[in-house]
Amino acid sequence: MLREGQIRIPSGCAISGIMNKKGRVFGGGDIINSIAVMHDRSNGLGGGFAAYGIYPEFKEEYAFHFFFDHTTIKNEIEALLKKNFIIASGEAIPIRKSKSIKDAPLIWRYFVRPKHRVLVKQEVDEEEFVVRFVMRVNSEIDGAYIFSSGKNMGAFKGVGYPEDIGEFYRLEEYSGYLWTAHGRFPTNTPGWWGGAHPFTLLDCSVVHNGEISSYDANRRQLEMYGYKCVLQTDTEVVAYIFDYLMRRQGLPLDVIVKAMASPFWHEIDRMNKKEKEILRAIRVVYGGFLVNGPFSILIGTNQGMIALNDRIKLRPSIAATKGDYLYVASEEAAIRQVCSKPEHMWMPRGGEPVIGLLEASQPTRVPVRTEQEKIAINS
Amino acid sequence: MQTIDASGMLYRDLNELIRDSVSRGVKEIRLINVNGHRYIGDGLAKEASIIIEGTPGNDLAAFMEGARIEVHGNAQDGTANTMNGGTIVIHGDARDALGYSMRGGEVYVRGDVGYRVGIHMKGYQDMNPAIVVGGKAGDFFAEYMAGGIMIVLGLGLAPDEDIVGNYCGTGMHGGIIYLRGEVAPEQLGKEVKVVSLTEEDTCVLDGYLDNYCQYFKVKREEIDKKPFCKLLPYNKRPYGNMYAGW
Amino acid sequence: MEYCIIGNSAAAIGAVEGIRGVDKKGTMTIISDEPYQAYSRPLISYYLAGKVAEDKMYYRPNEFYKNMGVELLCGSGAGKLAVREKTVILRDGTKKRYDRLLIATGGKPFVPPIKGLEKENVHTFHKWDDVKSLAEELSAGCKAVIIGAGLIGVKAAEALLCLGVEVSIIELADRVLSSVLDEQAAAIAQQVMEEHGVKFVFGDTVTEVLGEGRVEGVSLKSGNKMECDMLIVAIGVVPNTDIVKGTGINVNRGIVVNERMETSVDGIYAAGDVAEGKNLLWAEQRVIPILPNAYKQGETAGVNMAGGNNSFTKGFAMNSLGFFDFKMTSAGMQGGEGYEEIYTLKAEEKFYRKLVIKDNRLMGFIALKNIDRTGILTGLIKDQVEITKFKEALLKIEPGFAEWPKELRKERMLS
Amino acid sequence: MKRVYVREEYCAGCGLCQVHCITAHSEYKGDIIKAYKKSFPRPLARVIVEEKRPLSFSLQCRHCEEAECVKACITGAMQKDPATGIVINDTARCIGCWTCVLVCPYGAVRRDETLHKVAVKCDMCAEAGGVPLCVENCPNGALEYREER
Amino acid sequence: MSLKSYVTPSFLIERNKERCIKCKVCVQQCANEVHRYDEEDDEIISEEHQCVNCQRCVTLCPTGALTIRKNPNELRQNSNWTAEAVRAIYIQAETGGILLTGMGNDRPYPVYWDNILLNASQVTNPSIDPLREPMELKTHLGRKPDSLSIKEGKLQKKLPPQLELELPIMFSAMSFGSISLNAIKSLAEAAKQEGTYFNTGEGGLHRDLYQYGENTIVQVASGRFGVHADYLQAGAAIEIKIGQGAKPGIGGHLPGEKVEREVSETRMIPEGTDAISPAPHHDIYSIEDLRQLIYSLKEATNYEKPVSVKIAAVHNVAAIASGIARAGADIIAIDGYRGGTGAAPLRIRDNVGIPIEFALAAVDTRLRQEAIRNQVSLVVGGSIRNSADIVKAIALGADAVYIASSALLALGCHMCQKCYTGKCNWGIATQDPQLAKRLNPELGAQRARNLLRAWKHEIQEMLGGMGINAIESLRGNRLMLRGIGLTEKELQILGIKNAGE
């Protein structure tokens, strides 16, 4: 049977995200409880979490989470790591045996820093080096898969219901300021843990509910810029788009969300001249990154969380705030489960991002068209 | 008169500067240290005079509509490409494909010109383009010529040197070529015949020759020492019967 | 406003329609000396020939007078005109006051003083009653002499031929239809008529009507004599101006009117065959005794009588004349000095087309045999269009617009 | 009033206006084949097509405001309908004197002598109502039925 | 001694006498004088030798009395020496001429569009209903920068000039001369109304068409006919024509008969002279020369207009396209071997070039491999027959398509392939005023507009079915395509999977 990456598997999903914008950390229990409420949105064939702020002791190292098919490949990879990185620590990720979780691969983590002379030799910066390394391992080395590669964050995922995956990874033992979760409903069995969400690259993690109809247009656009879409999943494509636009192109968040879920031309036509010029330019230049088809998406980074819907809102999402907390989920109940009385709760419009930045005074609800909002995002 | 030092300038910047000046009403521009700057005078429709010192780049005066350009030096390939109007005076040689598809205006070259000069030159109504070459021309001179006037003077030829190369006037179906001296039949395209000059021809020639003499300070007597021959196409439609309906 | 119209033919009807176009209320009276509602005078020859039944003689539907609010006083006719009192006194003594009066009394046959004209079987050919009485006396095989080969004489001849009458025409001029046709055309027309059995005597005239009581023959100026059973005087028509005698209304050949159809007396208008008005071709005023002219003058007068403003200055003669299946049209004309004439003649085909041009404008034409679309020529005369660029094309069997300059064609053709 | 206007620049001179005119004025309306093969006499086309290549155009009665044919008609057969403005010849009263032919400045009145002598002319297909059939069937939109511009 | 022609009529005209009313419409309409009226016999007689099967008489016959069919005469069955092969030899033996034909390649080569199937959403994502929800086809053609710099809500650098299309369909180059002014006016008006572009071809821009400048792509071809400063300024973009799918590698002659007054004025050549377009541009003998002309044109128009380069799809089209992109072109137009033409040598038309489907796939792939796909827009043409072809083309990687044959069909072309005779009975490929006026540009524009609108709706339906509501998400989205009946190699070149995969 073909596994994820060899074929494209459409999926339905549940997503949830919780963050404390002041950076206060909290345990993984809430996110598990939240995603568990939406049990019926997944089918036991994929679940996962991304957690930020969980490795304060290694916050300068890239935390590589690996799936290994067998020990031989683990040894090969460790040799490769040693060649390229200074390894601050390496260990099996603690797990809890569970009846419902079967066929788990070997799951390890390494806290690494690229060796300076390797960077100099390849004439790339640290992040680009890490990206290329991850791409290389994931596309070229059979039996090993890096499913998390950011600093002070980690992804935890596998085949199973998300609440079982959470239990499996003992997430209640971690403390983070931003958690995202995903329950997956793939149409056929991915047969492989790497296919679960979140998908990450560096510190960018994506959980995603949807199917991207523009997948191949986006993929082929990305591949022009050196990305290798090994998983054939929409999530992977979204993560790369985000990485490309944010890290490589250095675009501000509001521009990125407008590239990914741009206003319609008839809306652009109604804007003032300046806005129109920008929006037109974004669409014309980044048309290949327009994410088309139904999606609601949660992107986590070390700076915060962004939730985004497709332009015509073909998938649900809801957001809420209470105090320093920002919640986003597929269903209201998932928020109520962990925050029974939110101060503010709203349904973002299609294409309208919910952006929560760390240390920002308020999580920002971003109505698409006002000047004010731009300033808020840029600040 | 405005002087622009082109050394170190990109052609795009130079040309923008020229366009700006002309649109501001500057009538005469002197470009110094020109070397390989392309497209000078491209599409220029206004009355203006550009004096170039150096070697202008390719497509000098392409699509030009009315300006006057004087080159103190040699011009490169593609000069007067699809030119519609204006005058170019080159105090040196010009290279290949001078006056490609030229429809109007006049080009005077003191020295020699390269291959395919005047290729597909055409005339229309009162637009009667002309190229006057002081020295000799390369092969395929006036290929496809459909209109206008091409004059080669052959001044300063070595004794055994030909005034034009091979395939002169090949595919010609309009216009007139005047060659000062003789041309061997094997040098001509099969569409061209040699005829003698009429009085009208002499009148037409006079004007261009006087201009040549004036521009380049050449004595008219020098030119008049040798008679001209005239080349005309046999047929306005050389390929009229080439096809059979399927 | 009270309108009164004397006469009940085309000009009168034109006036009624002209008045009602402007004034929906005023009362109208028509005084006629004939016992009919308006009928078409040109139809009398068709009536005689049996081509038109009695009920088809009428120029307008029966309900016309009622619908138009016209009181028709038939039969008696107007006897006298009291201009100062604005009153018409009928022959029966009835008085009819008016605010505006139109004299549309038409023409009357010109009957020269010939000895013996008082005999029975001498007829004019002008009114319905003329042909009714004529019809009573006719029988197949009888012989008729017609004096005059003009329009009336020719139409009378055609009708009589239809009825099996032997017809001879005596004409003082040297050709038929001399007022309408030139020599070349007349020759063809004469040939056609002769082929149908008409006998002609040209350059001669009747000096005496022979017979006792009834006509038995005529003797001619040339000395010749002709036997006949009846005589029709069809020399011509003159304006019937009797009613205005002594009124001070200015009369020349007809009642003189200006372009508004006003006579020299305020409130009194004249139109039709009785009126002498401005015209297109002649500098002097003329009587143009044709139906279209009568109608238009009547209409013009009517509009003006009702307070509107209309003028008619472009009258000119025009005729469409058939002789059995042979067709002729003509319009306008004059010729000679200062005129250009171009024509096509195909005598053996009886085709003739002539254009009379002055200052590059069409002044008249004759069309024989092929008359289709000759209205285009009439229109060119009427509007005095410059025709230099396409005049030759107008000689074609069927003239059209194709040869015209594009702009003129579009303007004329689509307006 | 609405009239038929020809745009000669688009008239292909095909003559279909005449075919449809004839059909419309035959006893077999809507059936061209019967109109041509069975009507006797076959009606005359009321639309005239002139051609002088490359020019061609068709022309129908203009239904003049001041209709010369109406004023000149000696029988009163030719009348302009005050309501519709359409000039119609009452063929029952027409005696074929051709005065209308003589006065029509467009040459738009035709002589029909097949059975009786009567003048025939465009009646705007008034009987059928709607767009005259010559206009409706012009394959190139060369005929327009519209108000005067 | 006259040579008896062995060429028999290609078509047979059947006249149903029961139906024929002898109205002579057929006589009047046939520019080839096939029909004539015999006054003596009161019959219409058809002489088929000149019949080209344009169907004008059939279409206009008011009683449907005419049928034109293939002449059933057959030579002895021979799979090698087909009737056409024999006929060609007879014609050439009689004339000594190069066989000339019109419209596109009609050989039974595979049409790859017909071997490609489209995807649609079922369950896992919703299809979108374009009748009620937004469905965007707006397309921009022109060079796209690799990145945008936006600071303080301001664009730091203007976009390079772009053509803005309301739908990804443009009218391909057809010159005034090859087609009538009325045909061009029809397309120009339709382009204006529907927010797209028409292309002048190498025919110059007639004075009546300057009003359509904003919707015009002006072409500069090897003959440079009608090219002057105002012309270059008049259009929204400039296209350098290198080649054309129907006749890659060769030039063209517009015969003098077609150079009547208006054509002469527009092309700026004397009336009645042949307009000879050389095979190459004589200022382009190399890729760097192409760059020179591209920039010459940009200089002449102040860098305000995108410059397109049109090439025929030939064997190494991918490498050529890459070179063109690097030479500074903003748009590359590729014309496949089925592309139409007013006149092309038969053997060239039928034997030179490659299918547009392959060319497009190869070019798009190559430009992506070189990471320069963004720098240039890709327009493809060469027998785009319907909206599905367009959707497939865009999914293969095109930005937009050029249509010409389809557009002419919309105007009334009946594919008789005799454009080169100048006797187009439909008023399209002719300068004979008697024929040209048969195409009323108002009706033509309406028909062309209707076609664009119909296709627009269909494209929207297909996009909606895929769950996509903006055309950019279809561009290069080859996952939406599956091959059927194709070899591994063909699938590989097209970059698509087989149906069922």
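Residue numbering restarts at 1 for every chain, and letters A, B, ... go by the order of the sequence lines.
Salt-bridge annotation for D:Arg110 and C:Glu398: present, with a side-chain N of the basic residue lying under 4.0 Å from a carboxylate O of the acidic one. Of the charged side-chain nitrogens involved, at least one lies within less than 4.0 Å of a carboxylate oxygen, so that D:Glu50 and C:Arg373 count as a salt-bridged pair. Salt-bridge annotation for D:Glu66 and C:Lys296: absent, with no side-chain N of the basic residue lying under 4.0 Å from a carboxylate O of the acidic one.
Contacts of C:Glu17 with chain D are absent, with no heavy-atom separation under 4.5 Å from either backbone or side chain. C:Arg41 does not touch chain D: none of its heavy atoms, backbone or side chain, sits under 4.5 Å away. Contacts between D:Ile74 and chain C at a heavy-atom distance below 4.5 Å involve backbone atoms as well as side-chain atoms. If you measure heavy-atom distances from C:Phe64 to chain D, you find no contacts under 4.5 Å at all. When heavy atoms are compared at a cutoff of 4.5 Å, D:Gln60 does not approach chain C at all. For D:Val109, no part lies under 4.5 angstrom from a heavy atom of chain C. Only the side chain of D:Arg62 comes within contact range of chain C, with heavy atoms under 4.5 Å apart. Only the backbone of D:Cys73 comes within contact range of chain C, judged by heavy atoms closer than 4.5 Å.
For the set D:Lys117, D:Arg93, D:Glu51, the entry with the most heavy-atom pairs within less than 4.5 Å of chain C is D:Arg93. For the set C:Pro42, C:Ala367, C:Pro61, the entry with the most heavy-atom pairs within less than 4.5 Å of chain D is C:Pro42. Of the listed residues (C:Pro292, C:Ala10, C:Gly14), the greatest number of heavy-atom pairs within a distance under 4.5 Å of chain D belongs to C:Pro292. When each of C:Leu321, C:Ile376, C:Thr329 is scored by its heavy-atom pairs under 4.5 Å with chain D, the top score falls to C:Ile376. In terms of non-hydrogen atom pairs under 4.5 Å with chain C, the most contact-rich of D:Lys52, D:Arg3, D:Glu148, D:Arg111 is D:Arg111. Top candidate by heavy-atom pairs under 4.5 Å with chain C, chosen from D:Thr75, D:Val6, D:Val4, is D:Thr75.
D:Val101 places none of its side-chain heavy atoms less than 4.5 Å from the side chain of C:Lys327.
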Can D:Glu68 and C:Thr378 be said to form a side chain to side chain contact (heavy atoms under 4.5 Å, CB included), step by step?
CA-CA 10 Å; D:Glu68 296 285 341; C:Thr378 312; over 6 Å; no
Under the salt bridge (charged side-chain N to carboxylate O under 4.0 Å, His left out) criterion, do D:Glu9 and C:Lys406 qualify, and how do the steps go?
CA-CA 11 Å; D:Glu9 55 273 36; C:Lys406 187 173 174 183; 5.2 Å; no
Run the side chain to side chain contact (heavy atoms under 4.5 Å, CB included) test on C:Ile371 and D:Leu102 for me, step by step, so that the C-alpha distance in whole Å, both residues' side-chain angles and the decisive distance to 0.1 Å come before the verdict.
CA-CA 8 Å; C:Ile371 63 160; D:Leu102 167 69; over 6 Å; no
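Summarising the geometry of C:Phe401 relative to D:Tyr106, their closest heavy-atom pair is CE1-O, 3.4 Å, with the distance given to 0.1 Å.
Remark: the backbone N or O of D:Cys97 is paired with a side-chain donor or acceptor of C:Ser320 at under 3.5 angstrom.
Scanning residues 43-60 of chain C against chain D with a 4.5 Å non-hydrogen threshold yields C:Leu43, C:Tyr46, C:Val52, C:Lys56, C:Tyr58, C:Tyr59, C:Arg60, sorted by number.
D:Lys71 contributes atom NZ, which lies 12.5 Å from atom CD of C:Gln297 (distance to the nearest 0.5 angstrom). C:Met413 contributes atom CE, which lies 6.0 Å from atom CD of D:Glu8 (distance to the nearest 0.5 angstrom).
Annotation: D:Lys34, atom NZ; neighbour count of heavy atoms from other residues, nucleotides and ligands within 6.0 Å does not exceed 12. Open room surrounds NZ on D:Lys2; 12 or fewer heavy atoms of other groups in view lie less than 6.0 Å from it.
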Atom pairs and distances, donor-acceptor, side-chain atoms in residues 12-21 of chain D, under 3.5 Å, two or more places apart:
residue	atom	partner	partner atom	Å
D:Gln18	NE2	D:Val47	O	3.1
D:His20	ND1	D:Asn137	ND2	3.3

